[in-house]
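Data block below; observations after.
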Amino acid sequence: MESCHKFSFPLLTLLSLYMLFFVAHAEGSLTPRPFNNKITAAFVFGDSTVDPGNNNYVKTLFRGNFPPYGKDFRDHVPTGRFTNGKLSTDLIVSYIGIKEYLPPYLDPNLSIEELMTGVSFASAGSGFDPLTPQISSVISLPKQLEYFKEYKNRLQSAIGNRRTEAIIKESVFLISCGTNDFVVNYFTLPIRRKSYTVSAYQQFVLQSFKQVLQDLGDEGARRIAVTGLPPMGCLPAVITLYSKNDILGRGCIEKLSQVGKEYNQMLQNELNSMQGRLAHLDAKITYVDIFTPLVDIIQGLGKHDFDEVSHGCCGSGYLEAGFLCNPGSFVCNDASKYVFFDSIHPTEKTYINLFMASRPVIDSLIQD
């Protein structure tokens, strides 16, 4: 008995300290929502920059559900995200306090509870130009909007109209699209170039975008963030295809980046105009600039955070993307040293940098 009493106090003390540590750690892991926001869900439309795996359920070659994609994701699982880890949309929903990852709508295993907090309808290879998704046999923006309407009907059947409307009203919507219209379509295939000058095509894409935005507004979207184009001339695949010396001359193709810069200005002007027209509905429409921070990462002070800025981590890094970046490809040891994971898509670290640059915009969107 004496021995039991001798060790009971130290043992209880250790147990108490352990419990205090455990509780403190558990409470610390629950990050409070910024601005105590009441955002209920997030809905995403667009291309591979925000597709977490919808193309897994589409008959297309444009998929990323195999290694080395996902090599730094949870459990090293290739989910269909065209990167080594998380997408910017995963970072956004986690920051807002909704959930850790934004799933693809076409995943047949999603529960109603998962659907209630939002999904992505995006499809890698898609674009605003109706021709662009046809090239890759992927989901067009109008079809993504159809899926959103289907989503609403599913939710209404499960939880009723009133709760569904409340969720939509307090949700954020993100559109990230347009790069494929120029890189995959206009500058690669001759079809659109026969009918449109560059400036005319920019207007054509913008008109298609306006219809998407209008349709989203008609479906109840009130907090909408729209991502502009990246410096397209800095994508490794574009450098390889358009550089006079694609091995030694790995500088950005300024002509293509300028096209994106001009389009972004047109887009901002249109968003400002639509914000004014929809102000009576308490709508918030914001522009997310990824062009400037990417230029800084690749050509400015930000490049010191990376070892490689002009070719990807997968394969040679010059052209490999999608099925060309596969389990048989060489892969760099540390993707965080690279701006791009394959020849088109950023690494998780780059997405983190872009997310941090967009924080002020996200904050303004989620505040009441």
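Note that the structure is predicted; figures quoted are calculated from it, not measured.
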> Can you tell me how far CD of E150 sits from CG of L155, rounded to the nearest 0.5 angstrom?
Replying inline: 12.0 Å
> So, N55 versus S123: side-chain donor-acceptor pair below 3.5 Å or not?
Replying inline: yes
>> Between Y101 and F73, is the ring centroid distance below 6.0 Å?
In response: yes
> Do R81 and T83 have a side chain donor and acceptor closer than 3.5 Å?
Replying inline: no
Residues 156-163 side chain polar contacts: donor-acceptor under 3.5 Å, at least two apart:
unit_1, atom_1, unit_2, atom_2, d
S157, OG, N153, O, 3.0

>> Show, in sequence, the C-alpha distance, side-chain angles and deciding distance for V238 and F187, and conclude whether the side chain to side chain contact (heavy atoms under 4.5 Å, CB included) test is met.
In response: CA-CA 10 Å; V238 171; F187 286 110; over 6 Å; no
>> Using the salt bridge (Lys or Arg N to Asp or Glu O under 4.0 Å) criterion, which residues pair with E262? Sequence neighbours excluded.
In response: none
> Looking at the rings of F62 and F82, which for Trp means the six-membered one, are their centres under 6.0 Å apart?
Replying inline: no
> Are any side-chain N or O atoms of S343 and backbone N or O atoms of L319, one a donor and one an acceptor, separated by less than 3.5 Å?
Replying inline: yes
> For the atom pair CE (M116) and OG (S111), what is the distance rounded to the nearest 0.5 Å?
Replying inline: 9.5 Å
>> Would you say H345 and S48 are linked by a side-chain donor-acceptor pair, where the criterion is simply a distance under 3.5 Å?
In response: yes
>> Give me each pair satisfying salt bridge (Lys or Arg N to Asp or Glu O under 4.0 Å) with a member in residues 70-80, each pair once, sequence neighbours excluded.
In response: none
>> If I compare all heavy atoms of N326 with all of C314, which pair ends up nearest, and what's the gap?
In response: N-SG, 4.4 Å
>> Regarding T60 and S136, do their side chains bring together a donor and an acceptor under 3.5 Å, going by distance alone?
In response: no
> So, N264 and Q268: side-chain donor and acceptor under 3.5 Å apart, yes or no?
Replying inline: no
> Charged N to carboxylate O under 4.0 angstrom, E170 versus R222?
Replying inline: no
>> Could you tell me if the side chain of Y201 sits less than 4.5 Å from the side chain of N185, heavy atoms only?
In response: yes
> Are the side chains of T89 and S120 in touch, meaning some heavy atoms are under 4.5 Å apart?
Replying inline: no
>> Closer than 3.5 angstrom, by distance alone: can the side chain of S94 be matched with the main-chain N or O of L91 as a donor-acceptor pair?
In response: no
>> With a 3.5 Å distance limit and no angle check, can you tell me whether S329 reaches the backbone of G315 through a side-chain donor-acceptor pair?
In response: no
> Given T240 and R250, is the side chain to side chain donor-acceptor pair (under 3.5 Å) satisfied, shown in steps?
Replying inline: CA-CA 8 Å; T240 301; R250 299 294 298 173; 2.9 Å; yes
> Does any N or O in the side chain of N269 come within less than 3.5 Å of the main-chain N or O of M266, such that one atom is a donor and the other an acceptor?
Replying inline: no
> Pick one: which of I191, L189, V184 meets side chain to side chain contact (heavy atoms under 4.5 Å, CB included) with L131?
Replying inline: I191
> Under the side chain to side chain donor-acceptor pair (under 3.5 Å) criterion, do T132 and D181 qualify, and how do the steps go?
Replying inline: CA-CA 6 Å; T132 304; D181 292 318; 2.5 Å; yes
>> Any heavy-atom pair between the side chains of L213 and M274 that's under 4.5 Å?
In response: yes
>> Are I253 and F182 linked, directly or through intermediate hydrophobic residues, by side-chain heavy-atom contacts shorter than 4.5 Å (ILVMFWY only)?
In response: yes
> Can you tell me if E320 and S316 form a side-chain donor-acceptor pair at under 3.5 Å?
Replying inline: yes
> Can you name the ring pair (Phe, Tyr, Trp, His ring centres under 6.0 Å) partners of F341, sequence neighbours left out?
Replying inline: Y69
>> Tell me whether N54 contacts the main-chain N or O of A122 through its side chain, where contact means a donor paired with an acceptor under 3.5 Å.
In response: yes
> Taking all atoms of both residues into account, what is the closest heavy-atom pair of T286 and V361, and its distance?
Replying inline: OG1-CG1, 3.6 Å
>> I'd like to know if D368 and R223 make a salt bridge, using a cut-off of under 4.0 Å between side-chain N and carboxylate O.
In response: yes
> If you look at every heavy atom in G118 and A41, which pair is closest and at what distance?
Replying inline: N-CB, 3.6 Å
>> Using the ring pair (Phe, Tyr, Trp, His ring centres under 6.0 Å) criterion, which residues pair with F291? Sequence neighbours excluded.
In response: none
>> Do V77 and F66 sit in one hydrophobic cluster, given that two such residues count as connected whenever their side-chain heavy atoms are within less than 4.5 Å of each other, even indirectly?
In response: no
> Which residues satisfy the salt bridge (Lys or Arg N to Asp or Glu O under 4.0 Å) test with D363, sequence neighbours excluded?
Replying inline: R359
> Got a sec, which pairs hit ring-ring contact (aromatic ring centres under 6.0 Å, His included) with one end in residues 111-146, sequence neighbours left out?
Replying inline: F45-F121, Y105-F121, F121-F148, F128-F209
> Mind checking whether T40 and T117 have side chains closer than 4.5 Å, heavy atoms only?
Replying inline: no
>> Tell me whether R63 contacts the main-chain N or O of V58 through its side chain, where contact means a donor paired with an acceptor under 3.5 Å.
In response: yes
>> Going by ring pair (Phe, Tyr, Trp, His ring centres under 6.0 Å), name the residues that satisfy it together with F355, two or more places apart in sequence or in a different chain.
In response: Y95
>> Is the ring pair F173/F43 parallel, tilted or perpendicular, if the boundaries are 30 and 60 degrees?
In response: tilted
> Can you list every salt bridge (Lys or Arg N to Asp or Glu O under 4.0 Å) pair that touches residues 233-243, not counting sequence neighbours?
Replying inline: none
> If only atom types and distance count, is the side chain of K261 paired as donor or acceptor with the main-chain N or O of L256 below 3.5 Å?
Replying inline: no
> With distance as the sole test, does E254 use its side chain to make a donor-acceptor pair with the main-chain N or O of G233 at under 3.5 Å?
Replying inline: no
>> Tell me whether T164 contacts the main-chain N or O of K152 through its side chain, where contact means a donor paired with an acceptor under 3.5 Å.
In response: no
>> Can you list everything that forms a salt bridge (Lys or Arg N to Asp or Glu O under 4.0 Å) with E100? Sequence neighbours excluded, please.
In response: K86
> In Å, rounded to the nearest 0.5 Å, how long is the span from CD1 of I168 to CD of E219?
Replying inline: 9.0 Å
> Quick one: which of D289, D296, V295 gives a side chain to side chain contact (heavy atoms under 4.5 Å, CB included) with P293?
Replying inline: D289
> Under the side chain to side chain contact (heavy atoms under 4.5 Å, CB included) criterion, do T227 and Y287 qualify, and how do the steps go?
Replying inline: CA-CA 6 Å; T227 300; Y287 170 75; over 6 Å; no
>> Has K349 got a side-chain atom pairing as donor or acceptor with F306's backbone, closer than 3.5 angstrom?
In response: no
> According to the disulfide (SG to SG under 2.5 Å) rule, which pairs have a member within residues 205-242, sequence neighbours left out?
Replying inline: C234-C252
>> Check this for me, if you would: do D129 and R192 make a salt bridge, where the nitrogen-to-carboxylate-oxygen distance has to be below 4.0 angstrom?
In response: yes
>> Taking salt bridge (Lys or Arg N to Asp or Glu O under 4.0 Å) as the definition, give me every residue that meets it alongside E348, ordered by chain and number, with sequence neighbours left out.
In response: none
> Do I39 and V93 belong to the same hydrophobic cluster, where Ile, Leu, Val, Met, Phe, Trp and Tyr are linked whenever their side-chain heavy atoms lie under 4.5 Å apart, directly or via other members?
Replying inline: yes
